[in-house]
Amino acid sequence: ETAKSNLQSLVRLSGTGNVFNVGAGLYQMTNASLTVTNYTLIVGTNRDEVVLQADAAVSSRVVTVYGPGSELRALTLQGGYAAYNGGGVYGTTSNATLVSDCVVRSNYALGLDTSTGGGGLYNVRADNCDIYANGSGDKGGGMASGSATNCRIFGNTAYRGGGAVYSYLTGCSIYGNEATSGGGAY
């Protein structure tokens, strides 16, 4: 098998505290999202050439992160879906996951019940990312319940907070987002 088909298994079986350097290519997640645990670093060679894509056949997130200290760096994260929160990346520990120098695009969170949404990102810190073309049926098309520094957040849609909702934004460019309330941020 190739590294592309093994990435999901390698990360799942590795435990905590590992570094994965990922070469150019399309890494299709199969049957579930890529699950990352404490203190795991996944680094791509170039965010435009290393694509992690959710399995559209099973409607899953791209990445789910359990616990603190993990980082996703220099990747494109796309095609994720969640019924509740975090279509692209879902962090289980508040702002403990860093998504840096990534492209987060074409993800969706339905935002059922009283959940927040966060089509692209939920409950993570983003740094120097392009977050675009994501959506939520409720709140936070681009991101929800997180923080972003020096990111471009554009072209996202949601019922409330097209770009971001319940998030701390520093030095970000926020434009071209759409929502019934708070097109840019709410």
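The model shown is predicted, which means the values in this text are computed figures rather than measured ones.
- One N or O on the side chain of Thr92 and one on the backbone of Val65 form a donor-acceptor pair closer than 3.5 Å.
- In this model, no donor atom of one side chain and acceptor atom of the other lie less than 3.5 Å apart for Asn150 and Asn128.
- No side-chain heavy atom of Tyr90 sits less than 4.5 Å from a side-chain heavy atom of Thr97.
- No donor-acceptor pair under 3.5 Å is formed between the side chain of Asn123 and the backbone N or O of Gly146.
- Formation of a donor-acceptor pair under 3.5 Å by the Ser173 side chain with backbone atoms of Arg152 is not found in this model.
- A continuous path of ILVMFWY side-chain contacts below 4.5 Å connects Phe20 to Val63, so both sit in one hydrophobic cluster.
- There is no path of hydrophobic side-chain contacts, each under 4.5 Å, that joins Leu41 to Val62.
- In terms of heavy atoms, Gly183 sits closest to Asn177 at O-CB, 2.9 Å.
- By the 4.5 Å heavy-atom criterion applied to side chains, Leu7 and Leu52 are counted as neighbours.
- Listed for the Asn156 side chain is a donor-acceptor partner under 3.5 Å among the backbone atoms of Ile131.
- The OG1 atom of Thr116 sits 10.0 Å away from atom CZ of Arg160, with the distance rounded to the nearest 0.5 Å.
- In terms of modelled atom types and a separation under 3.5 Å, the side chain of Ser136 and the main chain of Asp138 share a donor-acceptor contact.
- When all heavy atoms of Val124 and Met143 are compared, the closest pair comes out as O-CE, 4.1 Å.
- Exactly one residue among Leu75, Leu121, Val50 makes a side-chain contact (heavy atoms from CB on, under 4.5 Å) with Cys102. That residue is Leu75.
- For the pair Asp101 (side chain) and Arg73 (backbone), a donor-acceptor distance under 3.5 Å is absent.
- You'll find the side chain of Ile153 reaches within 4.5 Å of the side chain of Leu169, heavy atoms only.
- Between the CD1 atom in Ile42 and the OG atom in Ser70 there is a gap of 8.0 Å [rounded to 0.5 Å].
- Each side chain to side chain donor-acceptor pair (under 3.5 Å) pair with one or both residues in residues 102-112, not counting sequence neighbours, appears once here: Gln78-Arg105, Arg105-Tyr132, Asn107-Asn134.
- Thr76 contributes a side-chain N or O that, together with a main-chain N or O of Arg47, makes up a donor-acceptor pair within less than 3.5 Å.
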